[in-house]
Amino acid sequence: MEQALKQAKKALRADEVPVGAIVLDARTQAIISSAYNQTIHLNDPTAHAEILAIRKAGLKLNNYRLTNCLLVVTLEPCIMCLGAIVQARLQGVIFGAKDPKSGAIYSCINYQQLAGLNHNFWVIDGVLADQSASLLRHFFQNKRKIKERYRSGRNGGDSKSLCPSNN
């Protein structure tokens, strides 16, 4: 999880939602791939850390099935990422913070109660959850502060300074 947190910090530095993920070989615990959220940078709503890490692992292993692999991610996966986990046939998922708004493992959707899933995997949650949640809180607090400064005109006297395209 520490390696996934390093990826989340890369996302934070890139002004992306700070979520990081790694795919591990379940037998050796060796890191196969790592990634962080890049939806904004890539203009791709599917560029979640989990999806990118799964894609990289598939390419590296030359296989679309990751049956002997584990996904480690700082935030509970959403329903899109749950679909990728199932399709990749990952053996297990380890995640940090729960996502009460869009978590599809336990929070909003309990994946074990979904009829028709053709693959099951084990889950460990809460690993370094405080650190993962702290990164997310910091990111969204800063976004809210910037938005509030912009709305109130308290951005150095120039209402255009936060919007480079208008300068």
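What you see below is based on every heavy atom in this structure, not just the backbone, and it leaves out hydrogens, waters and symmetry mates.
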**Transitive ILVMFWY side-chain link L59 to V23, under 4.5 Å** = no
**Prompt:** Under a 4.0 Å N-O cut-off, is there an ion pair linking R27 with D25?
**Reply:** yes
**Message:** With rounding to the nearest 0.5 angstrom, report the CG to CD1 distance, L66 to I32.
**Reply:** 7.0 Å
**Asked** If Ile, Leu, Val, Met, Phe, Trp and Tyr residues are connected whenever their side-chain heavy atoms lie under 4.5 Å apart, and connections chain through other members, are V19 and M80 in the same group?
**Response** no
**Request:** Over all heavy atoms of both residues, which pair between L128 and E2 is shortest? Give the atoms and the distance, please.
**Result:** CD1-CG, 3.8 Å
**Prompt:** Do Q91 and T67 come close enough that some side-chain heavy atom pair is under 4.5 Å?
**Reply:** no
**Message:** When you group the ILVMFWY residues by side-chain heavy-atom contacts below 4.5 Å and let the links chain together, are L71 and L114 in the same group?
**Reply:** yes
**Message:** What I'd like to find out is whether the side chain of E50 reaches to under 4.5 Å of the side chain of I85, using heavy atoms alone.
**Reply:** no
**Asked** Step by step, would you call I51 with H48 a side-chain contact (heavy atoms from CB on, under 4.5 Å)?
**Response** CA-CA 5 Å; I51 300 291; H48 288 196; 4.2 Å; yes
**Prompt:** Quick one: does I94's side chain get under 4.5 Å of V73's, heavy atoms only?
**Reply:** no
**Request:** State, without any angle test, whether N37 and T39 hold a side-chain donor-acceptor pair at a distance under 3.5 Å.
**Result:** no
**Request:** Please report the C-alpha distance between S34 and Q7 in whole Å, then the side-chain angles of each, then the deciding distance to 0.1 Å, and finally whether the side-chain contact (heavy atoms from CB on, under 4.5 Å) criterion is met.
**Result:** CA-CA 7 Å; S34 60; Q7 292 296 310; 3.5 Å; yes
**Asked** Under a 4.5 Å side-chain heavy-atom rule over Ile, Leu, Val, Met, Phe, Trp and Tyr, are I22 and L82 clustered together?
**Response** yes
**Request:** Kindly indicate, with the supporting measurements, whether the criterion side-chain contact (heavy atoms from CB on, under 4.5 Å) is fulfilled by D15 and K143.
**Result:** CA-CA 10 Å; D15 205 28; K143 289 292 182 190; 2.9 Å; yes
**Message:** Quick check: closest heavy atoms across E76 and S107, and the distance to 0.1 Å?
**Reply:** OE1-OG, 2.5 Å
**Request:** Of all the heavy-atom pairs spanning A47 and L52, show the shortest one and how long it is.
**Result:** O-CD1, 3.6 Å
**Contact summary for C108 and S102, nearest pair of heavy atoms** = SG-N, 3.6 Å
**Message:** Quick check: do P18 and T74 have side-chain heavy atoms less than 4.5 Å from each other?
**Reply:** no
**Item:** Heavy-atom donor-acceptor pair, R89 side chain to Y64 backbone, under 3.5 Å
**Value:** no
**Message:** What I'd like to find out is whether the side chain of L70 reaches to under 4.5 Å of the side chain of L90, using heavy atoms alone.
**Reply:** no
**Request:** Would you mind listing every side-chain hydrogen bond (donor to acceptor under 3.5 Å, both in side chains) that reaches into residues 111-132, with sequence neighbours excluded?
**Result:** none
**Request:** Supply the atom-to-atom distance C69 SG to I54 CD1, rounded to the nearest 0.5 angstrom.
**Result:** 9.5 Å
**Prompt:** For K9, does the NZ atom sit with more than 12 other heavy atoms under 6.0 Å from it, leaving out its own atoms?
**Reply:** no
**Prompt:** Where is the tightest heavy-atom contact between Y106 and K98, given as atom of each residue plus distance?
**Reply:** CD1-CE, 4.3 Å
**Asked** What is the minimum heavy-atom distance between A49 and A35, and which atoms define it?
**Response** O-CB, 3.6 Å
**Request:** Evaluate the side-chain proximity of C78 to D99: yes if any heavy-atom separation is below 4.5 Å, no if none is.
**Result:** no
**Item:** same_hphob_cluster(L42, L12) at 4.5 Å side-chain heavy-atom cutoff
**Value:** no
**Message:** Does any part of the side chain of I124, heavy atoms only, come nearer than 4.5 Å to the side chain of V127, both counted from C-beta?
**Reply:** yes
**Request:** Decide yes or no on side-chain contact (heavy atoms from CB on, under 4.5 Å) for F139 and V17, but give the supporting numbers first.
**Result:** CA-CA 7 Å; F139 176 80; V17 176; 3.7 Å; yes
**Item:** Point-to-point distance, once rounded to the nearest 0.5 Å, from CD1 of I31 to NZ of K60
**Value:** 9.0 Å
**Prompt:** Which hydrophobic side chains are connected to Y36, either touching it within the sub-4.5 Å cutoff or through other members that do?
**Reply:** none
